[in-house]
Amino acid sequence: MTTMAVPRIVSARVHHDDSHTLDRYLATRGYEGLKKALAMTPEAVAREVDEANLLGRGGAGFPAGRKWSMMRKNPTTYLVINGDESEPATFKDHLLVENDPHQIIEGAVIAAYALQVSQIFIYLRGEFALGLERLQSALNEAYAYGAVGHDIFSSGFSIDVVVHPGAGAYVCGEETALLESLEGKRGFPRIKPPNFPAAVGIYGEPTIVNNVETLSNVPWIILNGGAAFAALGEGSSTGTRLFALAGRVRNPGVYELEMVKNTFSDLINDPALGGGLFPGRELKAFIPGGVSAPWFFPEHLDLPLGQEQVDAAGSMLGSGSVVVMDDQTCVVRASWRITRFFHRESCGQCTPCREGSGWLEKILERIEIGQGRREDLDLLLDACDNISPGLTWPPQQTTICVLGPSIPSSITSAISRFRDDFLAHITLGRCPHV
Amino acid sequence: MSDPTSVGDTADELTFSLDGRSVVAHKGEKLIAAAERAGVFIPRFCYHPRMKPVGVCRMCLVEVDGPRGPSLMPSCFIDVQPDMVVVTESDTVKKAQDGVLEFLLINHPLDCPVCDKGGECPLQDQTLAYGPGESRFIEEKRHFEKPIPISELVMLDRERCIQCSRCTRFADEVAGEAQIDFVGRGPHIEVAPFPELPFTSYFSGNTVQICPVGALTATPYRFTARPWDLDQVESTCTTCSLGCRVAVQSSSNRLTRMLGIDADPVNQGWMCDKGRFAFEAVNDPGRLTRPLVRKNGGLVEVSWYEALEAAAAGLRKARTDHGPAGVGVIGGARLTNEAAYAWTKLAKGVIGTDSVDAQLGDGLPAELVVGLPRATIDEAVNADTVILLTGDVREEVPVLFLRLRAGVRYGSLNVVELSPGDTSMTGLAAASLRYAPGEADELVRILLDVKAPTPNGMHPDEFADARRLIGSPRVVVVLGRGSRSEDETIMAAAAQRIAAALPGATFLPVLPRGNVMGALDLGMAPGLLPGRVALDDGAEWFGRWWDQVPAGRGRTTMEQLADLASPEPSMGAVVLLGADPWADVPDRRLVERAFDSPVFVVAVGTQIDSTTERADVVLPAASVHERSGTTTNMEGRISRLGQKLVPPGQAWADWMIAAELAVHLGSDLALESVGAIWDEIERLTPLHSGITSAVLGQPGAADGVVAPLSAAKVSLFRRRGRQMDPVAIPGVESTNRQGLDFRAGWAEDPTSGWTGRPAVPVNPTEERPSMLRKIPAYVAPVIGRVDSYSHRLMATRCLYDNGAAMAKSPALDALVEPATLAVHPHDLDDLGLSAGDRVRVKTASTSMVMAVRPDPGLPTRVVALPMNVMLDGVPDGSRHDVADLIDVTVPVTVVRLETP
Amino acid sequence: MSASSPVSLTRRSGAPASFTPTHLHPEVLDRARKLIALYPEPRSALIPLCHLAQGQDGWLTPEAMIDIAGLVGVTPSEVLGTASFYDMFHLEPVGKYVVSLCTNIACLLRGALELLEHAEDSLGVKSGGTTEDQLITLEEAECLAGCDRAPCVQVNSRYVEATTPETFDHLVADLRAGRRSAEIPAHGTLIRVQRTVGLAADRDEIARQRAAMAEAEARRAATDGTAS
Ligand SMILES: Cc1cc2nc3c(=O)[nH]c(=O)nc-3n(C[C@H](O)[C@H](O)[C@H](O)COP(=O)(O)O)c2cc1C
Ligand code: SF4
Ligand code: FES
C-alpha cells in the first residue's frame with residue numbers, strides 16, 4: 001500500500017467543508033497554476049500536459065496531450081468539459097464538481113489557453129443540482145477574481161465559460177452525443193469517422209472534449225511539471241487516478257490512488273480504502289471500469305490498477321468505477337439490471353442497440369423470474385454477437401457508438417463464468433437467491 | 001446529395017475495389033451509390049439519395065479494409081476513397097445484415113396481409129429473401145394505439161415504424177418545416193407532430209412515399225388496392241405548370257395513387273399534396289359523359305353529331321354576323337400540346353379568329369412570356385441570384401419552392417424577393433423588399449438606378465444587398481403575378497425593365513394552370529402563332545399550311561369579356577375551352593355582365609360547373625390521365641402524358657373535338673392522331689423543330705426535353721430507368737414510360753454524343769419563321785391618388801383553393817380554409833379591430849362584409865385575400881371571394897374598411 | 001416608395017422577430033434571453049430553457065414549448081422531440097416532489113429493489129405514479145452517481161439520505177410537513193444560483209486576441225531562430 005505516500009492531486013481539498021469556495025481554493029494554491037500557465041506560451045503549456053502523459057479519465061483513456069495536438073487548425077475552436085458522469089457506479093466527477101469546482105475551472109482555463117479556443121462549455125449532468133449551483137457560484141467568483149472572462153490576470157487572454165446543464169440521458173456522456181445535446185438537440189451520437197470532435201465538433205468547428213477529472217489534473221501538472229506527474233505511476237499509466245468503489249464492500253467511496261502501484265485487492269480490501277467485503281462473504285466477481293467493461297473474478301484481484309494491465313487482462317479501467325459482487329449476488333439479476341439500463345438509455349438510432357438491448361433484457365428477465373429455456377443462453381450469446389460481432393475485446397460494432405457493443409459485456413461475462421447460475425434459474429423455475 | 005446513377009466529370013474519378021472487382025466512382029460519392037451503379041445492390045432502409053445520410057438503420061453494413069483490418073461500415077454514410085477495399089458478401093456482412101433484419105422484425109407487427117405496403121415493402125422483401133424462416137423472438141411485442149391520423153392526409157401506425165427517420169428528415173431537410181419529429185428516446189422513439197399542431201405541410205404525401213414500411217399511409221389510398229393489382233404509367237402532373245414527373249397507378253380503370261418520379265431536372269422525386277391527391281377528381285361521379293344542347297332553357301343529352309352541328313351553327317352565325325373576330329376562345333391551359341395545336345388550328349386557321357386566350361386575366365401578357373429569354377429550373381437553382389417577382393412560389397408552384405430552397409440552403413443561391421407581403425421564401429431570401437401593390441415597376445426602377453437612395457422605410461443594408469446581388473453574373477428572374485388585383489402590365493413593365501438593364505438575365509414564368517406554357521407555345525393567345533411566333537412573322541408560313549391566318553390581332557380573355565359586357569358587343573360566340581371564368585377571372589362582376597349578354601356559348605369541359613350552366617352546347621372532354629400526348633412546363637420542357645384510364649361515357653379527347661368540329665364547320669384539320677399532330681407541330685414550328693416523337697422516345701428524354709433544342713449537347717437524364725430510391729417505388733413496373741425501356745437503354749450510355757438533334761433534320765429550319773424576339777413595350781399605368789383612409793387590395797393565390805381540383809377530391813376539399821381579410825396589426829389597431837371581427841370592405845362600386853385577421857408580414861395599408869377561396873364571415877352565407885371585389889378597370893383595386 | 005405613397009414598407013418579418021412569447025413570465029423570459037445570448041447558436045439554449053420553463057410551471061407544458069420554439073428559432077415539434085429525449089423533462093404534470101430512487105447495479109447490490117418496494121407500498125403508488133395529494137411522484141432512476149450512499153435517492157435532483165425504509169419514511173414525513181422546502185425547491189427549479197457576470201466575452205474579440213498572440217508567438221519563434 002502506497003496510498004498515503006503520494007501526493008493527492010485532484011482530491012487534495014475535497015475533505016474541507018468549504019472546499020468549493022474561492023477562499024479555500026486560494027488558500028490552497030488555487031489559480032497559481034493558471035497564473036504560471038499564462039506566463040508561458042500556449043505551446044509550452046500543452047507540452048507539459050503532453051509530457052505528463054495524462055490519460056483521459058472519461059473512459060477511453062486517450063492521452064489528453066495527444067488529443068489536443070490533433071485539433072484541426074481553425075479560427076474558431078471550442079473546449080467542452082464532459083461532466084455528464086452517468087456510467088453506472090461512477091461517481092468520482094460528482095465529488096470534484098461539488099467539492100472542488102474551482103479546480104475544474106482552473107484546469108479548463110489553462111487548457112483553453114493552451115488550445116487557444118474561443119469558448120468553454122462545461123456540460124454537467126442535469127441531476128447534479130448541487131453541483132450545478134456550486135459550479136455556477138464558483139464561476140461567478142472566478143469572474144470576479146479575474147480568473148475567467150476578459151483579460152485574465154492582465155495577461156491579455158480572455159475566455160468565457162458557460163455552465164450547461166444536461167437533462168438526464170446517459171448517452172450524452174458519449175462525446176458526440178454530448179455535442180449534439182449542447183447544440184440543443186437529441187443526444188444522438190455522430191458517426192466517427194468523420195465526426196471526430198477535434199476535427200468536426202460543436203457547430204461543425206473543431207472541439208476538444210475532456211472529462212472533468214482529466215482537466216482537474218492540469219493545474220497540478222502546470223505547477224509541478226509534466227515530468228513530476230509522469231514520474232508517478234508506471235508505463236503509460238501516469239499520475240494518480242480516482243477510483244469509485246461501490247457494491248458489496250464495507251466502505252464504498254472515491255479513492256485517489258497512484259496508478260499501477262496498487263492492485264484491485266488493495267482498493268477493495270485495504271482498511272483505509274474499501275475495507276473488504278462484509279463478514280463471511282466471498283468475492284464472486286467485480287467490474288473493473290464501469291458496467292460497459294467485461295467482469296473480473298477473484299483471480300484478477302492482484303492485477304495492478306493500470307490501464308495497460310487491465311487491457312491486457314481483457315477488460316478496461318474505463319471510468320474508474322469498481323463494482324464488487326459477493327457470493328450473495330445473483331449474477332442473472334445483475335446482468336439483467338445492467339442490460340435494462342442500456343435498453344433504457346439507448347439513444348434509439350441504431351437498430352441493433354435499440355432493438356437488441358430490449359430483446360436481451362426481456363430474455364434475461366424471463367430467466368431471472370424462472371421462465372427461461374435452455375436454448376435462451378445460446379440465443380443471448382448469438383444476439384450479443386449480432387450487436388458486437390465476434391464478441392471480442394475491444395469490441396467490434398454494428399452500431400454508431402460504443403454503447404451498443406457495451407451491452408454484451410455483462411451478459412457474456414456472466415454466462416461464460418456462471419452458466420450454472422443461469423441453468424439453476426431455468427431448472428428451479430425461480431431465482432435461487434430469493 | 002449525390003446522384004447515384006452517374007459518374008460525373010472524369011476529373012474526379014477514382015477507383016476502388018468492390019468484391020474483388022475494380023470499380024470507378026467519383027469523389028464524394030457514397031459507397032452504397034457507387035456499388036449500386038456497379039450492379040451491387042446493398043440493402044438499406046434509412047438511406048435516401050436526396051437527403052443527407054444518417055447511417056442509423058445499420059442495414060447497409062459492409063466490410064471495409066482499414067488500418068486495423070476489415071471492419072463493418074455503413075455504406076450509405078461513407079464516401080468512396082481511392083483504393084478502398086470493400087467486401088459486400090462475406091459471412092460477417094451477411095450475419096450483420098441478417099442480425100439487423102431480425103432485430104427490426106422483433107417488434108414489427110408482421111401484419112403484412114392487412115398492410116397497405118404489403119407486396120411492395122422492402123422489409124417484407126428482404127425478410128423473404130434473407131430472413132430466418134422462424135422467429136426466435138417469443139416475447140411480447142411493443143404496442144401502440146393502431147393508426148392515428150397525423151394530418152388530414154396521413155395516417156401513422158407506430159407499431160410498424162422502424163425509426164429510419166426518413167419522414168422526419170424530409171420534413172426538416174427538404175420541406176423546411178419540421179412539423180413532425182422523433183419523440184422519446186431509444187425503444188420509445190415514435191414519430192409525432194406537436195400536440196394540437198397538425199402536420200399541415202403541403203408536402204406531407206412525400207413522407208408516405210418514402211416510408212420504407214407501412215407506418216405512414218395516405219388516407220386516399222388506404223385499402224384501395226394491392227400493389228400486385230396496380231398498373232402504372234409514367235406521366236407529368238398538370239396541377240401546376242412545374243410539371244412534376246409522376247407515376248400514375250390505377251387498379252381496374254380507377255386511379256388509386258400518384259408517386260413522384262426522381263426526375264433530376266424537375267421534381268427530384270417530390271410532389272405537393274395537391275398534385276398527389278387531386279387525382280380523385282377524375283373518379284368524380286359528376287363527370288360530364290354525354291354531349292348536351294340547350295333546348296327550351298334546359299340542357300338535353302344529345303348525340304355527338306347533333307351537339308357538333310349545334311355548336312357549328314352557333315359559331316358560323318357569329319362569324320356571319322360579326323366576322324371571324326366575332327368568335328372567341330377562352331381557355332386551353334387544361335389541354336395537351338396536341339389538343340392546343342388542334343384548337344389553335346381550328347380557331348385561327350379555320351374560323352379565322354385571333355381572339356384565343358389560354359389565360360384568364362390572371363397571368364401575364366403572352367408575348368412577354370414567350371418572348372423573354374427563358375431559364376430552366378436547374379439554371380434558377382444554380383444561379384448566383386434569383387429575383388422573385390411573383391406570388392408565393394410555395395402556393396403557386398410548390399415543388400419549385402423545394403428546389404429553390406435547396407439552392408439556398410445547400411447550394412450557393414441568393415434570393416432577392418420583391419413582393420407586396422411576406423411569402424414562404426421571405427425567410428430564405430438574402431433580401432426581401434416590399435412594394436405597395438401597383439408599384440412593382442417603380443421598385444425595380446429604383447433598385448436598378450444606382451443613384452437612387454434607399455426608399456423610405458426600407459432597411460438600407462437589405463436594399464444595398466439586393467442591389468449588389470442583382471448585379472451578379474448569373475441572374476434568373478422568377479416572374480409571375482404578386483397580386484391579381486393589379487394590372488398585369490405593371491409586372492410586364494417591371495420584367496421588361498429588368499431585361500433591358502440586365503441583358504444576361506433569363507426568366508422563369510410562373511403562370512397559373514397546368515399546361516399554360518404549352519398552350520401559349522402553340523399559339524393560344526392573341527397575336528401569336530404556334531412555336532412562339534408573332535402573328536405577323538408567321539402569317540405567311542402558316543398561311544401555306546392552314547386554310548387561313550387571322551387578319552389582325554384578336555382579343556385577350558379580358559378584352560373579350562369587356563366587349564361582351566359592353567352595350568353593343570362585337571362578338572357573337574365564345575368557346576369556353578376547359579376554363580371557368582366564374583371561378584378564375586379576377587373580376588367576377590365583369591364575367592357576370594359579359595355572360596348576361598346573348599352570346600352563344602360552347603363549353604368544352606369535364607365537370608358540371610358555372611360554364612355548363614351558361615352554355616348553349618356542352619361537349620364532354622377527357623380529363624387528365626385519360627388522354628395521351630405531351631405537356632410543356634414553365635421552363636419549356638416537353639414531356640409525355642401517360643394515358644391510364646378510358647374516358648367515361650362518351651367523353652372525347654379535346655383534339656378530337658376540334659377535329660370533328662372543323663368538319664362540321666366545313667373544313668378538315670387533317671389531324672388523325674396524337675402522333676400525327678405532334679409530327680405536324682414538329683414540322684411547322686421553329687420552337688419544336690427537331691423534337692420528333694423519336695427524340696421524345698430516346699432513353700435520354702425520360703424526363704422530357706426542353707424546347708427549343710439547343711445546338712449544344714443537351715443535359716440528359718441520368719436515371720437510366722432505375723429508381724433513384726428503390727425503397728420508395730419498389731414494386732410496380734411502368735407499362736408505358738417516356739424513353740425506351742430501361743433494359744434497352746442500359747447496354748449503352750444514352751448520353752454519349754447525342755446532341756439532341758436528329759442526324760437529318762426532318763425539315764430544314766431556315767424556312768420556318770423565327771421565334772418572337774421583339775416584344776411590345778409595356779408601360780405601367782399611373783396609379784391614382786390613394787388617400788390615407790384607403791387600403792390597397794392584394795389578391796394572392798394559395799394552393800388549397802375552391803377550384804375544381806380540390807372540390808372534387810374528397811381528401812383535399814377538407815383542407816380548404818375559408819378566407820379572411822389579412823390586415824397589418826397596426827391597421828387593425830387603428831380601426832379598433834381584432835382577429836375574427838367583421839369589417840365592411842368597400843370599393844368604388846361594391847361592398848362586402850367579412851372577417852379579418854392580423855398579418856404582420858404585410859405592409860401597412862395593404863390588405864390581402866386569396867383568389868378563389870370563399871370568404872369567411874359573410875353574413876348571408878352566400879359564396880363570395882375576392883373576385884367579387886376586384887375591379888380590373890383600375891390599375892390597383894383600392895378598398896376602404898369600415899366597421900359594419 | 002414614391003413620396004406620396006401612404007404605404008409603410010418597413011418589413012416587420014423574420015420569424016423570431018415577429019414572434020411574441022405568450023406563456024413564459026417576464027422574469028423567466030428575461031433569463032431565457034440572457035441564456036440564449038451565451039451561446040453562438042440560439043438553439044444551444046434549448047435544454048436550459050426547458051429547465052427554466054419547468055421551473056416556472058413544475059412540468060414542461062406545451063405552451064412553454066411553443067414559446068421556447070419561437071425564442072430559439074425551431075418548430076414546437078423540434079422542442080418536443082428534443083425535450084422528450086431527456087428523462088428530467090416531465091411532459092405531464094408531476095408532484096411537487098419527484099422522488100427518484102436508483103435501482104442500478106451498485107444500489108441494486110445494496111437493497112434498492114427492496115427500498116423501492118417499500119416506497120411503493122408506503123406511498124401507495126407504483127413507480128412513475130403520483131400520490132393522490134399531488135405532492136410526490138415516485139420514479140425509478142438509473143444510476144445517480146451517488147453509489148457510496150446506496151441505495152441512492154434524490155428529491156428534485158437533490159441528494160437525500162434515505163437508504164433504509166425508516167429514513168425513507170422520515171424523508172416522506174418531512175416532505176409532507178414542508179420541512180425540507182428550503183433545501184429542496186419545488187419540482188423544476190434546478191439552478192438557483194444565477195450567472196452574475198455579463199454576457200459571454202465577445203467571441204470576435206477573443207479571436208482577434210488569439211490571432212495577435214499567435215503572431216507574437218511566431219515573431220518570437222523567428223527571433224529565437226535568428227538568435228541561435
Ligand atoms: C456511452 C458512453 C458514455 C460516456 N459517458 C461519459 C461520461 O459520462 N463522462 C465522460 O467524461 N466520458 C464519457 N464517455 C467518454 C467520452 O465519449 C469521451 O471519451 C470523454 O469524455 C473524453 O474525455 P477524456 O479524454 O478526458 O477521457 C462516454 C462514452 C460512451 C460511449
Ligand atoms: S449504439 Fe445505441 S446509443 Fe450508440 S448511437 Fe447507436 S443506438 Fe445510440
Ligand atoms: S445505415 Fe445505411 S441505409 Fe441505413
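Only heavy atoms go into these numbers, but all of them, side chains included; no hydrogens, no water, no symmetry mates. The model shown is predicted, which means the values in this text are computed figures rather than measured ones. Every chain is numbered from 1 and lettered A, B, ... according to where its sequence line falls, protein lines coming before strand lines.
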| query | Please walk me through it: do B:Ser790 and B:Arg792 pass side chain to side chain donor-acceptor pair (under 3.5 Å)? | reply | CA-CA 7 Å; B:Ser790 306; B:Arg792 298 189 196 188; over 6 Å; no
| Does B:Ser485 reach the main-chain N or O of B:Ala795 with its side chain, forming a donor-acceptor pair under 3.5 Å? | yes
| task | Return the orientation label for the B:His824 and B:His826 ring planes: parallel under 30°, perpendicular over 60°, tilted otherwise. | result | perpendicular
| message | Any side-chain to backbone donor/acceptor pair from B:Arg142 onto B:Pro187? Under 3.5 Å, distance only. | response | yes
| request: Give the member of B:Asp181, B:Ile180, B:Thr168 that has the highest number of heavy-atom pairs under 4.5 Å with chain C. | output: B:Asp181
| said: Testing the 3.5 Å rule here: is there a donor-acceptor pair between the side chains of B:Thr423 and B:Arg394? | reply: no
| task | Check each atom of B:Ala192 against the heavy atoms of chain C and say whether the ones under 4.5 Å are side chain, backbone, both or neither. | result | backbone
| request: Please step through side chain to side chain donor-acceptor pair (under 3.5 Å) for the pair C:Thr75 and B:Glu177, ending with a clear verdict. | output: CA-CA 8 Å; C:Thr75 63; B:Glu177 323 162 85; over 6 Å; no
| query | Quick one: which residues of residues 79-93 of chain C reach chain B at under 4.5 angstrom, heavy atoms only? | reply | C:Leu80, C:Gly81, C:Ser84, C:Phe85, C:Tyr86, C:Asp87
| request: State, yes or no, whether a side-chain contact exists between C:His51 and C:Ile191 at a heavy-atom distance under 4.5 Å. | output: no
